[in-house]
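Here's the structure we're looking at; comments come further down.
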Amino acid sequence: QGILTLSEQLEITAGGRYSIEDKWLHFARYPSALSGFSPTPVQIALDPQKVHFTDFSPEATIRFRPTRNITFYGAYREGFTSGGFNTAPASGGGDITYRQARARGFEAGVKGSLLDRQLSFDASIYTYRYDDLQLNAFDPVSISVKVRNAASARTKGAEMALTFAPKAVPGLTLRSSVAYNHARYLNYSDASCYAGQSIAQGCNRNLVPRFDPATGAAIGSSFSSQDLSGTQLERAPDWTMSHGIMYDLPISNAMKISFGGDGNYTGSFNPEPAHNPRALQRGVWRFNAFAALAASDDSWELSLIGRNLANKLRVATAFEYPLTGASFPGYASPGLGADLAGAPTEPRTVMVQLTLRSPLFK
């Protein structure tokens, strides 16, 4: 990386990183009670057993400071996430790899302060494209989480954050931030279907034969994939925002009090990899508040903290519970959907917190 200073106001930073990675995986399975608990592991043949990845990720940033308090910038960046092996393959082995993901895009913005540094601001716009995007998908057949690649996706949006600390009201701070993130799959034509999804509901790709798991008899064929191109990425709400207030007030030479609160909004999103419509999470506001009594030198602080006071719960991640609902998707008639399981966000929490700070650690 290098920095070129053209003037006191203009600066260019450019650089790059080249990566070479080799990964190997040897997979063995110890026989279970059904086969006598043999101490000799069974080697599972993997093809390939070794993967090789290379990547060159450049980046460049231009910064322009027309005044001491304002900076404009523009940047181009590339990056990657390494590929590898899924470590819960079927007993037959085979290809259990997933590809590395690459990202590239632009970002531009402005940051600084106004009104004699009473108002601080940070605003930016961006667009990034992801190729071979890595996704976690729960496989109810093997009861494991696997990584797979979506062909491509794009995120584009804008963010703005403001902080206002008026000198006319010492100790008062107002904060506000708003972000819009338009994250969509550009090409994801082989996404897994959710349990019970019918052809009319979109499970209309990749026709495969089906067999009765109990008898092994052929029971016809059905589709196993859907096209999610153009749809919203999971766990990627379009809108998020936060607005808050904090006030510090000295009550003596030795003590001060602080109190405040904030409201945080998260827009609707789907946390389930197959975009099961029953997993859709609606937009929600969450409210937090606090009050604190502290020493003027911050050597101790006693706080009462409340989080998610309205107790608004949403599911952050979701998956289909194994061995529930319809066995297969992709038929003409909708089947019985699987039970959905997931991890919820933090519920209402109220706590008392005592903080002690020794001068030795300052």
Side-chain angles (χ1 to χ4, degrees), residues 1-4 11-29 43-63 73-109 124-139 142 144-157 181-192 205-206 225 227-236 273-274 317:
Q1 186 182 66
I3 300 175
L4 177 62
E11 179 182 272
I12 299 175
T13 303
R17 173 178 293 172
Y18 186 73
S19 303
I20 303 174
E21 292 185 297
D22 290 292
K23 297 182 180 181
W24 295 263
L25 180 64
H26 300 277
F27 182 70
R29 176 173 54 86
Q43 299 296 323
I44 304 299
L46 301 179
D47 184 20
Q49 194 174 28
K50 173 186 175 182
V51 289
H52 175 76
F53 301 109
T54 61
D55 180 84
F56 175 65
S57 298
E59 71 171 57
T61 302
I62 299 177
R63 295 182 181 87
Y73 67 92
Y76 174 79
R77 297 186 177 97
E78 293 187 12
F80 81 106
T81 302
S82 180
F85 296 91
N86 282 298
T87 55
S91 59
D95 187 352
I96 60 169
T97 62
Y98 57 91
R99 301 181 298 277
Q100 66 184 32
R102 287 189 169 93
R104 63 184 186 275
F106 297 90
E107 181 177 340
S124 63
I125 58 174
Y126 60 88
T127 176
Y128 285 94
R129 177 188 171 102
Y130 301 86
D131 293 301
D132 287 328
L133 181 67
Q134 295 172 359
L135 304 171
N136 288 328
F138 182 78
D139 182 1
S142 63
S144 62
V145 176
K146 295 184 177 181
V147 179
R148 59 177 306 177
N149 298 92
S152 59
R154 182 181 298 279
T155 64
K156 54 185 177 180
N181 180 48
H182 187 80
R184 299 294 186 270
Y185 291 113
L186 297 177
N187 184 3
Y188 192 16
S189 58
D190 61 343
S192 300
R205 291 176 175 265
N206 190 21
S225 300
D227 187 356
L228 291 180
S229 302
T231 62
Q232 183 182 23
L233 271 65
E234 52 264 28
R235 298 184 298 278
T317 59

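Because the structure is predicted, anything quoted here is derived from the model rather than measured.
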| request: Check for a donor-acceptor pair, side chain of D47 on one end and backbone N or O of D95 on the other, with a separation under 3.5 Å. | output: no

| message | Please determine whether side-chain hydrogen bond (donor to acceptor under 3.5 Å, both in side chains) holds for the pair E21 and H52, giving the CA-CA distance in whole Å, both sets of side-chain angles, and the decisive distance to 0.1 Å. | response | CA-CA 6 Å; E21 292 185 297; H52 175 76; over 6 Å; no

| message | Would you compute the distance between atom CG of L228 and atom CZ of R205 and round it to the nearest 0.5 angstrom? | response | 10.0 Å

| note | d(Y98 OH, F85 CZ) to nearest 0.5 Å is 9.5 Å

| message | Test side chain to side chain contact (heavy atoms under 4.5 Å, CB included) on V51 and Q100; report intermediate values, then the result. | response | CA-CA 10 Å; V51 289; Q100 66 184 32; over 6 Å; no

| field | Any residue meeting ring-ring contact (aromatic ring centres under 6.0 Å, His included) with Y188, in chain and number order, not counting sequence neighbours | value | Y185

| query | So how far is it from T155 OG1 to H182 NE2, rounded to the nearest 0.5 Å? | reply | 10.0 Å

Please list every donor-acceptor pair under 3.5 Å in which a side-chain atom of residues 54-62 meets a protein atom from a residue at least two apart or in another chain.
unit_1, atom_1, unit_2, atom_2, d
D55, OD1, R102, NE, 3.2
D55, OD2, S57, OG, 2.4

| request: Using the side chain to side chain contact (heavy atoms under 4.5 Å, CB included) rule, pick out the option among K156, R104, E107, R154 that qualifies with Y128. | output: E107

| task | Show your working on side chain to side chain contact (heavy atoms under 4.5 Å, CB included) between I96 and K146 and close with a plain yes or no. | result | CA-CA 9 Å; I96 60 169; K146 295 184 177 181; over 6 Å; no

| task | Please round to the nearest 0.5 Å and tell me the distance separating atom CG of L186 and atom CG of L133. | result | 10.0 Å

| query | Roughly how far, to the nearest 0.5 Å, is CD1 of I44 from NE2 of H26? | reply | 14.0 Å

| query | Do N149 side-chain atoms and D132 backbone N/O form a donor-acceptor pair below 3.5 Å? | reply | yes

| said: If we ignore hydrogens and angles and just use 3.5 Å, is the side chain of K23 paired with the main-chain N or O of F53 as donor and acceptor? | reply: no

| said: Can you give me the closest heavy-atom contact between S225 and N206, atom names plus distance? | reply: OG-CB, 3.6 Å

| said: Go through it in stages, so that I can follow the logic: the residues are R148 and D190, the test is side chain to side chain contact (heavy atoms under 4.5 Å, CB included), and I'd like the CA-CA distance, side-chain angles, deciding distance and then a yes or no. | reply: CA-CA 11 Å; R148 59 177 306 177; D190 61 343; 3.6 Å; yes

| How many angstroms lie between CG in L233 and CZ in R184, if you round to the nearest 0.5 Å? | 8.5 Å

| query | Going through the distances and angles, do L25 and Q49 end up as a side chain to side chain contact (heavy atoms under 4.5 Å, CB included)? | reply | CA-CA 6 Å; L25 180 64; Q49 194 174 28; 5.6 Å; no

| field | Side-chain donor/acceptor of N187 to backbone N/O of S152, under 3.5 Å | value | no

| field | Counterpart residues, side-chain hydrogen bond (donor to acceptor under 3.5 Å, both in side chains), relative to Q43 (two or more places apart) | value | none

| query | Which pair of heavy atoms, one from S229 and one from S189, lies closest together, and at what distance? | reply | OG-N, 4.0 Å

